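Chain A is the first sequence line, chain B the second, and so forth, proteins listed ahead of strands; every chain is numbered from 1. Every value quoted in this text rests on a predicted model; they were computed, and no experiment measured them.
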Amino acid sequence: MTTTTGNIAVGGVASGTPSAPPMKPYRGPRWTPYLFLSPYFLLTAVFFIYPLAYSAQLSLYYTNGPTHRSFVGLDNFRFVLTDRDFYTALFNTVIFAASSIFIQLPLSLGMAMMLNARHDRFKGLFRLAIFAPNLVGQVFVGILFMMLFTPRYGLFNQFLQTLVGWGLEERWLADPTLVMPAIVICSLWMYVGFNMIYFLAALQSVDASLVEAAKIDGAGPASIFWNVTRPAIMPVATFVVVTSTIGSFNLYELPNTLLQGAGPKNSGLFAVTYLYGFFNAQDLGTAAAVSWVQAAIILSVSMVQIFLSGTARREA
Amino acid sequence: MQFPYGSAALALLVVAVGSWVAIVVQDLTGATDARRPDLIFATFSKEHAAAYQPAIDAFEKEHGVRVSLQVVDQRALQGRLQSAMQVGAEVPDMCELLDGTMGVFTSGPLESVGFVDLTDRLHDEGLYPKLVESRFGKWSSRGRIFALPHDVHPVMLAYRRDVVKNLGIDVDTLTTWDEFVRVGRQITKDYNGDGVIDHYMMDLPSDGGDALRLLLLQRGARLFDEQGRVAFDDEKAAEVVCWYVRQTVGKDRISFPAGWGQNLAKTMQDATCLFYLCPDWRTMQFAMDVPGLSGQLALMPLPAWEPGGRRTSTWGGTGLAFPKQSKNFDLAWKLAMKLYFDNADLGARFKDTNILPPVKDAWSQPEFDEPDPFFGGQQRGRAYIALADEVPDEPAHTYMTSGIVKLSEAFQNVSIRYQQRGDEGLEAYALAELKRCADQMRTRVARNVFLQPQVQPQTPPQVQPKVGADR
């Protein structure tokens, strides 16, 4: 058996490339490597470790801005975990995350597969058109759809009325049952193209010879997708699922612009909107507690997703 | 010798070091201070800024000073002020705040509020009685006043005079909301048989929003009382919520949500709605957004909740506050007197903005008597002045935004219940929902140890934390 370290063969036949001269052992001061590493450690300590530690400490206080605070122990966590609004925000966030995973990502994958077809003269144009909404930002999309969803005069309402004879006077942003569909529609328009780019890149890296071999063996398109394409794009799919989930938990600008707040009956209240409410009221301690609870949830969900996708990959 | 990381990195380094040196030199030589104006005045409204400019020009000449008038987006202004006050950074010498924002700055102990307490000064200088008293509530906390009110903002109804006349509606009979609804039910219908209602009686947002709040105020119900206690779970509030639901939901509704901007303009032009809630500031918006309706609109007082009752409410407001960190408070106060208390200026500015100032002496200026051709020659100023003393007080509160959200939650639940079960037991359900949401608010308010004990606790906080760890 031959193992290689760099380009030096060990324990077997030498590799074909000429071996480089061995590196001289380092003879400078012992602290020099640490000096070079210190900017990284310093920035990490200042911008990541200290804020994390400080927010953990802050979550144990009731505050009025950064200048006044009073120790309350775990009361902020108790308040958050018994607050009905927190569960409303969590429920809305989970529903939105689920829509991202089960509606948005399949659509992205489907579009990527269509655009990955070899004989499409307008492939580039379609790629640009589908990706373009992502360039404009959530605030713009929020303002745009606020106008599209206007009862009677909104383009979306008029389109629905013409298409299915319903929806002309629907109050998308004022009816608690329609707010979530409205936000999902906005996010589909904005993010389907963005995730499509990831899937497209993954599809283009699928080994063409494996696909050819499967075809020669008589596999149909569904079988090829399930047995060849799916395992090949699984790492990218895992990445997209995890980032979409985290993105869903960080959703703020879109609903805030679209609804100018949390929407009727808190139907547009999301985890970050809930957190920001405390921040805005100078209650930094409760905001910190919310952020820790949220971080724990995101971490748990992401670990489950990674575990499941790992299992799926091994099975594949 | 070559820079080891390339020319781009070298250029960045040169720019960074050069900028740093320039800033240090400016600070050391005092060049920054020399360029700073004598006063910085920040406002969120470009209309206000444009109206102030002539008076500020005159003030600069009179006092030999330089005033920088800055227009900053409302959210940015609030956020920057909050941050700057907390860390002791530079702030404007005077700034205009939007209705609802004062509570954010008064969430802590009174002595830590970042604005100058104007209460004693207003009384000592005899200014307090000159203003409409109800307007101080929006700018006060625990009995102390932290800003000068800029306006009164009485609310009337603007209506399509031509269409209302054609439909045979006599607006003089619309003195109560009951009568208004009765007429509204008659005229809200599909006139041309295309299946779409052509005229609704009124524009009301279906989620409640500001309209519900101003109708509550008109009825004498408020989110918070003067002592800072949650107060929106009484029978008056339940009555208004039920009324609002009946007019915005179901087959008997008489209202349509016209929204804002282009949609509102289209609704007005098409006469989809006949009546619109119209505070003084909105008359200017109407004149700009639908100039084609000039002469076809008119104003009338709000119908009352009961015969002989209050015929107006209030919507919005601006206040002028002076951060404690201001370097030139005395000069800022002089400018405030010029902008907010000079009768001649206030008259001229009313003509520019249509906003009624709270200084009662100024209402004798001729501009307030001028007929307005846009409203068919009505004396718009006089119409709003007639209602100014009836404008209800709405005390500021740290949790105003949360209170509005909770009120909306109760309103939406009542709305859903009405759609499912109609009028049966609606008022009792509304009262129970308002009480549930109000209790949630009470729990939240009780947690703020810095607002206690000035706010009378209604529900004792479940945890009594130790205060005194202030740093």
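The most heavy-atom pairs under 4.5 Å with chain A, out of B:Pro257, B:Ala258, B:Gly259, come from B:Pro257. Contact count against chain B (heavy-atom pairs under 4.5 Å) is highest for A:Pro176 among A:Ala281, A:Gly154, A:Pro176. Between chain A and the residues B:Gly209, B:Pro205, B:Ser206, the largest count of heavy-atom pairs under 4.5 Å involves B:Ser206. Interface check for chain A: of the options B:Arg253, B:Gln78, B:Met85, the most heavy-atom pairs under 4.5 Å are formed by B:Arg253.
In this structure, the portion of B:Thr272 lying under 4.5 Å from any heavy atom of chain A is its side chain and not its backbone. Contacts between B:Ile404 and chain A at a heavy-atom distance below 4.5 Å are absent for every atom of the residue. Contact of A:Thr286 with chain B is made through the side chain alone, with heavy-atom distances under 4.5 Å. Proximity to chain A is absent for every atom of B:Phe411, based on heavy atoms less than 4.5 angstrom apart.
Within a 6.0 Å radius of CZ in A:Phe159, other residues, nucleotides and ligands contribute 12 heavy atoms or fewer. Counting non-hydrogen atoms of other residues, nucleotides and ligands closer than 6.0 Å to OH of B:Tyr429 gives a total above 12. Within a 6.0 Å sphere centred on CZ of A:Phe91, heavy atoms belonging to other residues, nucleotides or ligands number 12 at most. At most 12 non-hydrogen atoms from other residues, nucleotides or ligands lie less than 6.0 angstrom from CG of A:Leu155. The environment of B:Arg436 atom CZ is dense: over 12 non-hydrogen atoms of other residues, nucleotides or ligands sit within 6.0 angstrom. Within a 6.0 Å radius of CD in B:Gln262, other residues, nucleotides and ligands contribute 12 heavy atoms or fewer.
Contact check for A:Asp283 versus B:Ser107: no side-chain heavy atoms found under the 4.5 Å cut-off. Residues B:Arg447 and A:Asn76 are in side-chain contact: their nearest non-hydrogen atoms beyond the backbone lie under 4.5 Å apart. With a 4.5 Å cut-off on side-chain heavy atoms, A:Asn280 and B:Gln82 count as touching. By the 4.5 Å heavy-atom criterion applied to side chains, A:Arg152 and B:Thr267 are not counted as neighbours.
Minimum heavy-atom separation, B:Gly108 to A:Asn64: CA-ND2, 3.0 Å. Taking both residues in full, the closest heavy atoms of B:Ser408 and A:Pro264 are given as OG-CA, 4.1 Å, listed atom of the first, atom of the second, then distance.
Judged as a side-chain contact (heavy atoms from CB on, under 4.5 Å), and not counting sequence neighbours, the contacts of A:Asp85 are A:Asp83, A:Asn266, A:Leu269, A:Tyr274, B:Lys406, B:Glu409, B:Gln440, B:Arg444.
Taking non-hydrogen atoms and a 4.5 Å limit, the residue list of residues 97-106 of chain B in contact with chain A, ordered by number, reads B:Val104.
Note: A:Tyr62 and B:Phe450 have tilted aromatic rings, judged against thresholds of 30 and 60 degrees for the angle between ring planes.
The distance from the CD1 atom of B:Ile416 to the NZ atom of A:Lys265 is 4.0 Å, given to the nearest 0.5 Å. From B:Thr443, atom OG1 reaches atom CZ of A:Arg84 across 12.5 Å, with rounding to the nearest 0.5 Å.
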